[in-house]
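Structure first, commentary second.
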Amino acid sequence: MSIEQLAETAQAMVAPGKGIIAIDESSSTIAKRFAGVGIENTEENRRRYRELLLTTPKLSEHVSGAILYDETIRQKTKDGVPFAKYMASQGMIPGIKVDTGAHPLAGCPGELVTEGLDGLRDRLKEYYTLGARFAKWRAVINIGEDIPSGTCIEANAHALARYAALCQEQGIVPMVEPEVLMDGDHDIQTCYEVTEATLRSLFGALYEQNVLLEGTILKASMIVPGKSCEDQVDVDEVAESTVMCLKSTVPAILPGIVFLSGGQSDRDSTAHLDAMNRLGNLPWPLSFSYGRAMQQAALAHWSKDLVGNFAKAQSIVFDRARENGLAALGQWEG
Ligand code: 13P
């Protein structure tokens, strides 16, 4: 696989006005989401739900690809078409979550390191044959008293870089996701400093592991105060802080940056993305790779009547895709 092909895929993921829908909830996470709205957590209900999302009419107008989970990439539409094949037929790029989750980091109480490198080369080979053209690995950085430690930041950056190099070797674009969590009462400045240190470490590690940035996408968290911080800030401050932090840490050659929603409301996630793009003069496209902020309204609606509300839930997904697609252009009207 040439770097030109990786770069082409990466650019298509952040095509103007398009972003990614993240539907790669692990078995335990989707169990929580379903429990929250009273849906029975069976394989068939998970399949029906992912079919609802992926077959939303005209989704590809605003969505370039979707991140699937191991179970999902093996599932099919009710007509027997594998999801990845269905997506490709609609012009959407299949992606796959390949990490095996964040686990306690030995020697660093309260901190996590993401695992999943063992056997990854063979898993990537199989995912490629199943249609995946990009992959995701999520590292989790917690802010608290005396954390994150440099040890945690570096261990996660190293794992992300090892994963990214393996992806590129197998012709798959790595989406590298170091998520700085919103949990806690820290202020926006603390989030800025932790994110800055995390991104510096990540791009150093990517360089060390010979990862080609032209064929890499960054999935970033925004610079926001902790959820329980007393000093919440306005949309413009989030946008300006996030763009400043990214400009000072992320090389311009990267094809694009997408954001996670991380527990922000639907409205905030869209308003923040829109405000960043309105700032203009950005070295890379900024778009979305939202999970909850793309899905939560539709899931709540669908849960009330799985059969009768299917089409309406899809129209809610489409509306979220359209709004976020406009925000990726700085053209959302609120
Ligand atoms: P949220 O947008 O719900 O944070 O999920 C995105 C994601 O993929 C986190 O890894």
Side-chain angles (χ1 to χ4, degrees), residues 13-14 19-37 49-50 53-54 62-73 93-103 112-116 132 134-143 156 159-160 163-164 173-184 191 195 198 202 217-224 226-227 238 242 256-273 276 286-300 316-317 320-321 323-325 327-328:
M13 288 164 67
V14 289
I20 307 276
I21 180 168
I23 62 166
D24 58 325
E25 298 84 4
S26 63
S27 306
S28 58
T29 303
I30 195 74
K32 272 187 248 157
R33 303 273 189 268
F34 276 10
V37 292
Y49 178 54
R50 267 64 180 255
L53 297 169
L54 292 171
H62 308 289
V63 166
S64 58
I67 317 173
L68 310 175
Y69 183 59
D70 183 74
E71 176 184 83
T72 321
I73 200 168
I93 308 166
I96 181 77
K97 170 192 174 74
V98 300
D99 66 72
T100 56
H103 299 269
L112 301 169
V113 65
T114 299
E115 296 182 359
F134 74 96
K136 184 192 100 170
W137 178 290
R138 171 176 174 259
V140 178
I141 306 295
N142 241 315
I143 299 181
N156 277 293
L160 275 163
Y163 136 84
V173 172
M175 177 187 273
V176 290
E177 179 183 15
E179 175 173 3
V180 176
L181 292 185
M182 285 167 60
D183 300 333
C191 178
T195 306
T198 300
L202 173 62
I217 294 288
L218 172 66
K219 177 157 175 168
S221 40
M222 297 182 197
I223 307 296
V224 288
K227 270 186 229 159
V238 171
T242 304
I257 301 173
V258 292
F259 292 98
L260 57 96
S261 57
Q264 294 184 31
S265 68
D266 289 4
R267 196 178 172 81
D268 282 355
S269 65
T270 305
H272 289 150
L273 179 61
M276 284 188 253
L286 296 183
S287 191
F288 60 94
S289 174
Y290 296 155
R292 283 162 285 179
M294 278 292 293
Q295 298 181 40
Q296 57 206 359
L299 178 62
I316 297 172
V317 176
R320 290 300 297 139
E323 290 192 86
N324 290 319

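Heads up: numbering here begins at 1 and tracks the sequence. Please read all numbers here as calculations on a predicted model, not as lab measurements. Numbering of ligands and ligand atoms starts at 1, following listing order.
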TODO: Identify whether the distance between the nearest side-chain nitrogen and carboxylate oxygen of Arg50 and Glu25 falls below 4.0 Å.
DONE: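 Judged by the 4.0 Å cut-off on N to carboxylate O distance, Arg50 and Glu25 do form a salt bridge.
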Open item on the list: Measuring from atom CG of Asp70 to atom OG of Ser26, what distance do you get when rounded to the nearest 0.5 angstrom?
Closed with: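 Reported to 0.5 Å precision, the distance equals 11.5 Å.
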- [ ] State the OG-CD distance between Ser261 and Gln296, to the nearest 0.5 angstrom.
- [x]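 Answer rounded to 0.5 Å: 6.5 Å.
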Task: Heavy-atom closest pair, residues Thr270 and Ala327 - done: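 Distance-wise, the nearest heavy atoms are O-CB, 3.5 Å.
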Open item on the list: Can you work out which protein residues put a heavy atom within less than 4.0 Å of ligand 1?
Closed with: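 Ligand 1 pocket, heavy atoms under 4.0 Å: Ala22, Asp24, Lys136, Arg138, Glu177, Lys219, Leu260, Ser261, Gly262, Ser289, Tyr290, Gly291, Arg292.
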- [ ] Go through the steps for Gln264 and Tyr290 under the test side chain to side chain donor-acceptor pair (under 3.5 Å), then give the verdict.
- [x] CA-CA 10 Å; Gln264 294 184 31; Tyr290 296 155; 5.8 Å; no
Task: side-chain contact (heavy atoms from CB on, under 4.5 Å) assessment of Met175 paired with Ile20 - done: CA-CA 11 Å; Met175 177 187 273; Ile20 307 276; 4.3 Å; yes
